[in-house]
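Nothing fancy with the numbering, it's 1 onward along the sequence. Every heavy atom of this structure was used, including side-chain atoms; hydrogens, water molecules and symmetry mates were not.
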Amino acid sequence: MANAGNEVVFKKETVSKLLTRSFKEDKTKVSSDAVILVAEMLKVFVEEATRRSVKQADSEDCDTVDIEHFEKILPQLLLDF
C-alpha cells in the first residue's frame, strides 16, 4: 500500500497477487478491470476503518488511535461490507 499524500493507494500488482493466490486453478486469470475494482474496494475499506477507529478513539477521549480502537470497530465494519 502506497500513500500519495493522505490518499490510500494499493499497487495493482499486489492486489492481483492477492486475488490469484485464492484461485484453485492455475489457469484462472484476473482482468485489469477486476484488479482496479478490488483495489478501489480495499481503499474504501481502509478509509472507513480509519474513520471509525478515529471516532472510537475520540469517544474514549484518547489523543491517539491504537490497535484496540480498530479491534473494537472491526466486527461492525465487516458486517457493513
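Taking the salt bridge (charged side-chain N to carboxylate O under 4.0 Å, His left out) definition, one finds that K43 meets it with E7, sequence neighbours left out. Taking the side-chain contact (heavy atoms from CB on, under 4.5 Å) definition, one finds that E60 meets it with Q56, C62, H69, K72, sequence neighbours left out. For Q76, the side-chain contact (heavy atoms from CB on, under 4.5 Å) partners are R52, L79, D80, not counting sequence neighbours.
Side-chain heavy-atom separations under 4.5 angstrom define the hydrophobic clusters, and L18 shares its cluster with no other residue. The other members of the hydrophobic cluster of M41, by chain and number, are L37 (side-chain heavy atoms under 4.5 Å, ILVMFWY only).
No continuous path of hydrophobic side-chain contacts links V54 to L77 [ILVMFWY only; heavy atoms under 4.5 Å]. In terms of hydrophobic clustering, with Ile, Leu, Val, Met, Phe, Trp and Tyr side chains grouped at heavy-atom distances under 4.5 Å, V44 and F70 are assigned to a common cluster.
For the atom pair OG (S53) and CD (E68), the distance works out to 11.0 Å, reported to the nearest 0.5 Å. Going from atom NZ of K55 over to atom CG of D58 covers 9.5 Å, rounded to the nearest 0.5 Å.
Between the side chain of R21 and the backbone N or O of K17, no donor-acceptor pair lies under 3.5 Å.
Listed by first and then second residue, the ring-ring contact (aromatic ring centres under 6.0 Å, His included) pairs involving residues 42-65 are F45-F81 (not counting sequence neighbours).
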List the atom pairs, donor and acceptor, that lie under 3.5 Å between side-chain atoms in residues 22-35 and the rest of the protein, sequence neighbours left out.
unit_1: S22; atom_1: OG; unit_2: L19; atom_2: O; d: 2.8
unit_1: T28; atom_1: OG1; unit_2: E25; atom_2: O; d: 3.3
unit_1: S31; atom_1: OG; unit_2: A34; atom_2: N; d: 3.1

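Residue T64 comes nearest to A57 through the heavy atom pair O-CB, 3.9 Å, listed as atom of the first residue, atom of the second, then distance.
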